[in-house]
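Index from 1, following the sequence. FYI, side chains are in, hydrogens and waters are out, and symmetry mates aren't considered; it's all heavy atoms of this structure.
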Amino acid sequence: GPMSVNDEAALPWLRAEKQFVRRAAEDGVAVLGICLGAQLIANAFGGRVYPNAEKEIGWFEIEAAASSGDGFRFPPRCMAFHWHGETFDLPAGAARLARSAACENQAFQWGRRVIGLQFHLESTPEAVRVLVEHGREELQAGGRRIQSAAEIAGAGAASFEEMHALMDRLLVHLTGVK
């Protein structure tokens with residue numbers, strides 16, 4: 001969503017959402033948060049959410065962080081679709097899984113069954129087209145990490161296939177279901 005987890009005064013449902021996410025995670029339910037969802041998880045466990053130094057919109061590389069134990073392992077480098085302007089501090093007990101040139105905390109894992117992704121492995125060509133169509137004003141702002149509509153649309157089928165294969169691996173890791 002376009003809102004911030006900090007918008008509780010205007011959107012009071014955010015408080016209940018954070019409580020629900022925390023309860024589910026503490027009960028051992030597999031939880032995957034994407035973009036706002038990752039920020040909700042981080043904030044629910046005490047991580048601060050705040051504007052990133054720069055927005056990250058388009059296709060940018062993420063880099064795996066060193067992980068240990070049973071944490072999910074991203075490839076050393078891979079492309080992912082991004083559309084965010086905020087970032088977060090990792091909550092206590094979380095392990096960073098990935099970073100990018102513009103955002104230190106791109107993915108994290110809390111415990112065995114909770115993962116937050118700042119980027120969008122679930123995106124489809126249609127979903128990206130709709131985001132561009134409805135978020136065109138954000139693209140007009142320009143910036144080093146904001147791609148044009150044409151650059152975003154230029155991603156081929158292989159980009160989506162690679163992201164979806166990575167998402168499949170992540171979901172198997174998170175749930176144990178193949």
Gap between atom [atom2] of [Y] and atom [atom1] of [X] - 0.5 Å precision:
X: Trp83; Y: Glu138; atom1: CH2; atom2: CD; result: 6.0 Å
X: Arg144; Y: Lys55; atom1: CZ; atom2: NZ; result: 15.5 Å
X: Gln109; Y: Leu174; atom1: CD; atom2: CG; result: 7.5 Å
X: Leu117; Y: Asn105; atom1: CG; atom2: CG; result: 12.5 Å
X: Leu14; Y: Ser4; atom1: CG; atom2: OG; result: 8.0 Å

Could I get the full list of salt bridge (charged side-chain N to carboxylate O under 4.0 Å, His left out) partners for Glu126, not counting sequence neighbours?
->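 With sequence neighbours excluded, Glu126 shows a salt bridge (charged side-chain N to carboxylate O under 4.0 Å, His left out) to Arg129, given in chain and number order.
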
What pairs with Asp7 under salt bridge (charged side-chain N to carboxylate O under 4.0 Å, His left out), at least two apart in sequence or on another chain?
->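 Once residues adjacent in sequence are excluded, Asp7 has no partner under the salt bridge (charged side-chain N to carboxylate O under 4.0 Å, His left out) criterion.
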
What residue pairs, at least two apart or across chains, pass salt bridge (charged side-chain N to carboxylate O under 4.0 Å, His left out) with a residue in [range]?
range: residues 75-84; answer: Glu61-Arg77, Glu63-Arg77
range: residues 25-38; answer: Arg22-Glu26
range: residues 103-124; answer: Asp70-Arg112, Arg96-Glu104, Arg99-Glu104
range: residues 30-46; answer: none

Results of side chain to side chain contact (heavy atoms under 4.5 Å, CB included) for Gln19 - residues two or more places apart only |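 With sequence neighbours excluded, Gln19 shows a side chain to side chain contact (heavy atoms under 4.5 Å, CB included) to Arg23, given in chain and number order.
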
The side chain to side chain contact (heavy atoms under 4.5 Å, CB included) partners of Gln147 (sequence neighbours excluded) come to Trp59, Phe60, Glu151, Ile152

Got a list of side-chain donor-acceptor pairs under 3.5 Å for residues 158-171, not counting sequence neighbours?
{"residue": "His164", "atom": "ND1", "partner": "Phe160", "partner atom": "O", "Å": "3.4"}
{"residue": "His164", "atom": "NE2", "partner": "Ser123", "partner atom": "O", "Å": "2.6"}
{"residue": "Arg169", "atom": "NH2", "partner": "Arg73", "partner atom": "O", "Å": "2.7"}

Is the closest side-chain donor-acceptor distance between Tyr50 and Asp89 under 3.5 Å?
-> yes

Residue pair His82 / Arg145, side-chain heavy-atom distance below 4.5 Å =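 A side-chain contact under 4.5 Å is absent here.
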
With side chains defined as the heavy atoms from C-beta onward, is the minimum distance between Ile62 and Cys78 less than 4.5 Å?
->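 Yes, close enough: below the 4.5 Å cut-off.
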
Side-chain donor or acceptor of Asn43 paired with backbone N/O of Lys18 under 3.5 Å |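 Flag not set: sc Asn43 to bb Lys18 has no pair under 3.5 Å.
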
Are Met3 and Val5 grouped together when hydrophobic residues (ILVMFWY) are joined by side-chain heavy atoms under 4.5 angstrom apart?
-> yes

Give me the atom names and distance for the closest heavy-atom approach of [X] to [Y].
X: Ala149; Y: Val132; result: CB-CG1, 3.6 Å
X: Phe81; Y: Phe119; result: O-CB, 3.4 Å
X: Ile57; Y: His84; result: CG1-N, 4.4 Å
X: Ala95; Y: Leu90; result: C-CD1, 4.4 Å

Counterpart residues, ring-ring contact (aromatic ring centres under 6.0 Å, His included), relative to His173 (two or more places apart) |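 Residues passing ring-ring contact (aromatic ring centres under 6.0 Å, His included) with His173: Phe72.
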
Can you give each donor-acceptor pair under 3.5 Å made by side-chain atoms of residues 28-42, sequence neighbours left out, with the distance rounded to 0.1 Å?
{"residue": "Gln39", "atom": "NE2", "partner": "Gln118", "partner atom": "OE1", "Å": "3.0"}

Only pairs at least two apart or in different chains count here, so list each ring-ring contact (aromatic ring centres under 6.0 Å, His included) that has a residue in residues 92-114.
->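 Of all non-adjacent pairs touching residues 92-114, those that pass ring-ring contact (aromatic ring centres under 6.0 Å, His included) are Phe45-Trp110, Phe88-Phe108.
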
